[in-house]
Structures are given as structure tokens and as C-alpha cells.
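Please read the structure below before turning to the comments.
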Amino acid sequence: MVKGEIGPEDTVLVRVHSQCLTGDVFGVETIDCEEQLHTAMAMVEKEGKGVIVLYEAGGRGIGLVNKLRAYCLQDMGKDTVEANEALGFKADMRDYGIGAQILADIVFIRFA
């Protein structure tokens, strides 16, 4: 999503938000995905311009089923990174290359 007129020399607010089905859609209260997205949207609205890139990453890249398993570990006291690592994953498996490509396309389309 792009809001406002953005020039090539502008400093622009950008949020690359990995989709969080449990937080964004179902409002699971033990995580702050939905709050982070809404805060970013409010900041862009206040600024009058900005970009929000939403992409599917499924629980820091570990997928929905493993994300639910991580929640169980979090209920036992682990934080997100510890839970992911306990399941045998890196702290964050997301690939931000797609987000970078989307941002590059936005710049190319607007200023080519």
C-alpha cells in the first residue's frame, strides 16, 4: 500500500509486515502483530505518506503449525526466539528479499 505523493528524494516511512494469521486475523492477544500493523498504518496516516508492504511469512518463516507449537512453548515461559530455537529453527527464518523487490518496483514504477 502506498499513501501520498512520494518523490525520489523523500524520506518515507516504510513497514514490511509479515502476515500474521493468528495476530492480524484472529487477534491472538499473546502476540503484537496486529498492534504493530495498526501502529504503522497510523504513523503513515499522520505523516501523510508512506509504504506498507504485507507479505506472507507464516510465523517468522516457520509456518502456521510450528507457530502454534511455538505458542505452547511461549505459554511455558519462552520468548519467541527461544521457542523457535527449541523447535529446531533459527530465531527468524523470514526472507526479506521479496519485500526489497516490492520496494524497488515501487520506486521504479514511480520514477522511471
Side-chain angles (χ1 to χ4, degrees):
M1 298 185 293
V2 178
K3 178 172 179 72
E5 293 297 320
I6 299 172
E9 303 300 319
D10 290 345
T11 300
V12 180
L13 294 174
V14 174
R15 165 122 182 126
V16 177
H17 184 84
S18 55
Q19 176 195 20
C20 178
L21 181 66
T22 54
D24 295 338
V25 176
F26 297 118
V28 172
E29 294 178 4
T30 57
I31 53 175
D32 61 353
C33 303
E34 180 183 27
E35 179 183 338
Q36 291 175 10
L37 179 58
H38 285 240
T39 297
M41 292 170 73
M43 291 171 70
V44 167
E45 179 64 28
K46 182 178 179 184
E47 186 72 19
K49 61 183 172 184
V51 178
I52 296 176
V53 177
L54 177 67
Y55 77 102
E56 184 177 0
R60 293 187 180 218
I62 67 173
L64 181 59
V65 171
N66 285 314
K67 185 173 186 174
L68 296 174
R69 290 180 179 135
Y71 286 162
C72 292
L73 294 171
Q74 288 170 314
D75 288 343
M76 294 187 286
K78 293 188 182 296
D79 66 21
T80 302
V81 170
E82 292 168 338
N84 287 358
E85 289 173 340
L87 292 171
F89 298 103
K90 294 179 182 175
D92 191 340
M93 302 281 292
R94 292 176 285 193
D95 178 359
Y96 292 95
I98 295 253
Q101 290 175 13
I102 291 169
L103 291 172
D105 283 350
I106 289 170
V107 170
F108 178 76
I109 289 168
R110 291 185 176 260
F111 307 116

Which pair of heavy atoms, one from [X] and one from [Y], lies closest together, and at what distance?
| X | Y | value |
| --- | --- | --- |
| A70 | A83 | O-CB, 3.7 Å |
| L73 | A86 | CD1-CB, 3.9 Å |
| R15 | A40 | CD-CB, 3.5 Å |
| E82 | G77 | OE1-O, 4.2 Å |

Exercise for the section: Go through the steps to decide whether L37 and I52 satisfy the test side chain to side chain contact (heavy atoms under 4.5 Å, CB included), and finish with yes or no. Expected result: CA-CA 9 Å; L37 179 58; I52 296 176; 4.0 Å; yes

Give the cluster check for [X] versus [Y]: same hydrophobic cluster or not, with ILVMFWY residues linked at side-chain heavy-atom distances below 4.5 Å.
| X | Y | value |
| --- | --- | --- |
| I98 | L103 | yes |
| I102 | V16 | yes |
| V44 | M1 | yes |

Exercise for the section: Report, as yes or no, whether the 6.0 Å neighbourhood of atom CG on L87 holds more than 12 heavy atoms from other residues, nucleotides or ligands. Expected result: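 Buried by this count: over 12 neighbours within 6.0 Å.
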
Practice task
I would like to know whether E47 and K3 meet side chain to side chain contact (heavy atoms under 4.5 Å, CB included); could you show each step before the answer?
Solution key: CA-CA 9 Å; E47 186 72 19; K3 178 172 179 72; over 6 Å; no

Problem - Side-chain touch T39/Q36, heavy atoms, less than 4.5 angstrom - result: no

Exercise for the section: Quick one: do I106 and I6 satisfy side chain to side chain contact (heavy atoms under 4.5 Å, CB included)? Show the steps, please. Expected result: CA-CA 10 Å; I106 289 170; I6 299 172; 5.8 Å; no

Problem - Side-chain donor/acceptor of D79 to backbone N/O of V81, under 3.5 Å - result: yes

